[in-house]
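For reference, the structure discussed in these notes is given below.
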2 protein chains.
Amino acid sequence: MSSIQEVAALANVSTATASRALSRPDMVAQATRERVLSAARHLDYQPNVLARSLRQRQTRTIGLVVTDILNPFHATLAKGVQDAADRHGYTAFLFNTDEDPGKEGRALDTLRGHLPQGLILVPTARARENLRLLPNLPVVELDRVTGNPAATTVTVDNVGGAEAATAHLVALGHTRIGMIVGQQDISTAVERHAGFRQALLGAGVPYREQLVLPGHHRQEDGRQAALRLLDLPADERPTALFVGNNEMTVGAVLAARERGLNIPGDLSIVGFDDSRWAQTMLPPLTVVAQPTYDLGVLACDLLIAQFSRPARSRASPARVQLPTTLIVRQSTAAPPP
Amino acid sequence: MSSIQEVAALANVSTATASRALSRPDMVAQATRERVLSAARHLDYQPNVLARSLRQRQTRTIGLVVTDILNPFHATLAKGVQDAADRHGYTAFLFNTDEDPGKEGRALDTLRGHLPQGLILVPTARARENLRLLPNLPVVELDRVTGNPAATTVTVDNVGGAEAATAHLVALGHTRIGMIVGQQDISTAVERHAGFRQALLGAGVPYREQLVLPGHHRQEDGRQAALRLLDLPADERPTALFVGNNEMTVGAVLAARERGLNIPGDLSIVGFDDSRWAQTMLPPLTVVAQPTYDLGVLACDLLIAQFSRPARSRASPARVQLPTTLIVRQSTAAPPP
DNA sequence: ATGAAAGCGCTAACAC
DNA sequence: GTGTTAGCGCTTTCAT
């Protein structure tokens, strides 16, 4: 890799002039500029970003930490962030925590040494402690929220989405509705649960504690929880299920199949988050869809906008909430007679 | 962020000694070492990797370029690579090309400035040109291959996998077997096609050109190609389909549903690459499974091993090929009478 | 065992 | 408009 020194030498100018010709073209005479540019092209020059970042004390780099890159929801978030970062001339470093706070801590520590200018984070339950590793780094919390009042957040309307899903089931005539809900130390799970409960109360349908089962967001958790609900005595068993995330919804469908139940004839199912699975499963699933890619883009745009703003306008961090959409497909119908 | 200068000052030593105490503990007296370590802990010191990399002229960083992070196959490869890199104390920079050679070129160019010590690449059709941007950088080609004789490659036995899938269909009694194949400028597609053809010839089943349709690896391509095959006159229409990748297989299943065909009663389908879709679709799909995560891990291990080897043992680059496994589920059966 | 000093490649004052 | 110089934070000779 040729350095700016070689470019300068070939163009017969000082390194300072070469540098200016490349990054501030208007500070240099046209003839000189052309000589430098041609020399650079000739040598296939590419600036060493390490040296540049070290000198400028800014890396044009951001950190991106998600909890499960194998989940298409997170992969889509990541793509949105990376595409947006790219458009702004930034590079995003992607880390994966597998929902493990320990791994999250280590990821943030590694990241720290790379001097990112900001961080986009889908937080684990202990993110707030972990974030103390990076004081006064601009942070955007994505999808979920830690409760830190200083953080910018980009989320969806989980309460509204859950309400819509529940109201849909109620409108179909269901009165024994179960929910499979994520860990209660994660904000999305709490909010979706709240929306569910609220919608039931609002509609005058009893909220039954024993029909709400927790899971850790994985397909197998969804399956286990659904099996427990489906194995209740016939007069207690829910006729409809609202499931708190995409993977657990797949598990719930598999559970229904295992028990030989027809969807939606014997059991209606609504999932949170649309996915290819939801569209291609049989029957196609009714879901609360999220603008996933846009969430990622927005998080990144907001973060980068924050850099360029006068330092002390941090008074009130942005709190963006995007709407969800109920997509009615074929996994929901009236309860069995 | 505190620098090594502050650590040195606090410990009452020179920066040189502080540096040694942190990275070469045995070069320093025990008492000094302890003072430095305690100072570092106190200040929450984290070395600036930019400065270190600049000085040492090695970044402990590798590039990772995949063609579609939204495809779980690629997400799994990426996770394998990142987990392995992490274990070796390396950081992997992930880029996404969307199967677009132009984007690939730009990704490699950006990467170049970050001085990665090596590169793991799922190449696009024009990768060989693009790679000229990075002369004498150790490269591992993953999943697919450019034909560059100097590159290390990590792939699966595509020919064998395709043969096994085809032989399975033949053994069930199919004689009109169609294939939906990827772009012919991508090595995996060529090899899977070759395996298909070879298996037919070996079994004495005629290979019919008109039953082999190309697609660009996306679900919708698979759907379109399948529709064309399924709309052939009844006596020409294939009774079984072998589909060249995971996404196109989903498309083929949807096409069959659209035409009201029963799988496997009216049409058998085998896909290449297992996936959650394949397992949860109805019926569960018979597939050629690949050791995807291991491919990623292996690529990374091989790349990093390459750094540590004496420079001129590059005589013969490694060529690793992992086996595939035919998983027979319920999308394949005897042809209709 | 430790310190002084040079230098990785780049950009930003500060001259002129 | 261009050159000279200093310095980002770190590691590594080379002395002592």
Side-chain angles (χ1 to χ4, degrees), chain A residues 1-40 43-61 89 91 109-117, chain B residues 1-40 43-61 89 91 109-117:
Chain A
M1 283 272 301
S2 46
S3 73
I4 202 170
Q5 313 231 29
E6 310 177 49
V7 174
L10 184 57
N12 254 304
V13 293
S14 71
T15 59
T17 302
S19 172
R20 284 189 282 251
L22 291 164
S23 22
R24 284 132 93 149
D26 39 313
M27 283 186 66
V28 97
Q30 169 153 1
T32 336
R33 179 166 66 241
E34 279 166 10
R35 271 203 335 278
V36 172
L37 260 43
S38 133
L43 296 170
D44 200 20
Y45 171 72
Q46 174 83 359
N48 179 329
V49 301
L50 276 60
R52 172 185 288 175
S53 299
L54 184 61
R55 173 64 232 241
Q56 298 191 140
R57 336 196 69 208
Q58 54 146 332
T59 54
R60 296 190 77 76
T61 269
T91 303
D109 211 43
T110 303
L111 210 41
R112 193 158 75 117
H114 288 271
L115 307 184
Q117 294 181 240
Chain B
M1 284 269 303
S2 44
S3 72
I4 202 169
Q5 313 231 29
E6 310 177 49
V7 173
L10 184 57
N12 253 303
V13 294
S14 70
T15 59
T17 303
S19 171
R20 284 190 281 251
L22 291 163
S23 21
R24 284 134 92 153
D26 39 312
M27 284 186 67
V28 97
Q30 170 154 0
T32 332
R33 178 167 66 243
E34 280 165 10
R35 275 207 328 280
V36 173
L37 259 43
S38 134
L43 295 171
D44 200 21
Y45 170 72
Q46 175 83 359
N48 180 327
V49 302
L50 275 62
R52 172 185 286 176
S53 299
L54 185 61
R55 171 66 232 239
Q56 296 191 140
R57 341 199 64 211
Q58 54 146 333
T59 55
R60 295 191 77 78
T61 269
T91 304
D109 211 44
T110 302
L111 209 43
R112 194 160 74 117
H114 288 271
L115 306 184
Q117 295 181 240

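To find a chain, count down the sequence lines: A is the first, B the second, and so on, and within it residues start at 1.
Both A:Thr15 and B:Asp26 sit near DNA chain C, but only B:Asp26 has its closest nucleotide nearer the 5' end. Mapping A:Ala51 and B:Thr32 onto DNA chain C via the closest heavy atom, the residue that lands nearer the 5' end is B:Thr32.
Rounding to whole angstrom units, CD1 of residue B:Ile4 and P of C:dA5 are separated by 18 Å. Rounded to whole Å, atom P of C:dT11 lies 12 Å from atom CG of A:Leu54. Summarising the geometry, the separation between CG on A:Asn12 and P on D:dT2 is reported as 12 Å, rounded to the nearest angstrom. Atoms CG (A:Leu115) and C1' (D:dG9) sit 10 Å apart, rounded to a whole Å. Spacing between atom CD of A:Gln5 and atom C1' of C:dT11 amounts to 12 Å, rounded to whole angstrom units. A:Leu22 places its CG atom 11 Å from the C1' atom of C:dC10, with the value rounded to the nearest Å. With rounding to whole Å, B:Glu34 atom CD is found 12 Å from C:dT2 atom P. Straight-line distance from the CD atom of B:Gln30 to the C1' atom of C:dT2: 17 Å, rounded to whole Å.
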Quiz: residues 109-116 of chain A side-chain donor-acceptor pairs under 3.5 angstrom, not counting sequence neighbours:
residue, atom, partner, partner atom, Å
A:Thr110, OG1, A:Arg106, O, 3.0
A:Arg112, NH1, B:Asp44, O, 3.3
A:Arg112, NH1, B:Asp44, OD2, 3.4
A:Arg112, NH2, B:Asp44, O, 3.4

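In this structure a side-chain-to-backbone donor-acceptor pair under 3.5 Å is missing from B:Arg20 to B:Val28.
Between A:Ser3 and A:Asn48, the closest side-chain pair of non-hydrogen atoms is not below 4.5 Å. By the 4.5 Å heavy-atom criterion applied to side chains, A:Leu37 and A:Glu34 are not counted as neighbours.
Look at A:Arg20 and you won't find any side-chain N or O under 4.0 angstrom from OP1 or OP2 of C:dA12. For A:Gln56, no side-chain nitrogen or oxygen approaches OP1 or OP2 of D:dC8 to under 4.0 Å. Taking side-chain N and O atoms only, A:Arg57 has no distance below 4.0 Å to OP1 or OP2 of D:dC8. For C:dT2, the OP1/OP2 oxygens have no side-chain nitrogen or oxygen of B:Thr17 closer than 4.0 Å. The shortest distance between the side-chain N/O atoms of B:Tyr45 and the OP1/OP2 oxygens of D:dC10 is below 4.0 Å. For A:Arg55, no side-chain nitrogen or oxygen approaches OP1 or OP2 of D:dG9 to under 4.0 Å. In this model, the phosphate group of C:dC10 is not approached by any side-chain N or O of A:Ser53 to a distance below 4.0 Å at OP1 or OP2. Phosphate contact (OP1/OP2 of C:dG9, side-chain N/O of A:Arg52, threshold under 4.0 Å): absent.
Across all strands, A:Arg33 comes closer than 4.0 Å to no nucleic acid atom at all (heavy-atom distances). When heavy atoms are screened at a 4.0 angstrom cut-off, B:Ala16 is found touching base atoms of the nucleic acid.
The shortest heavy-atom contact between B:Leu50 and A:Leu54 is CD2-N, 3.9 Å.
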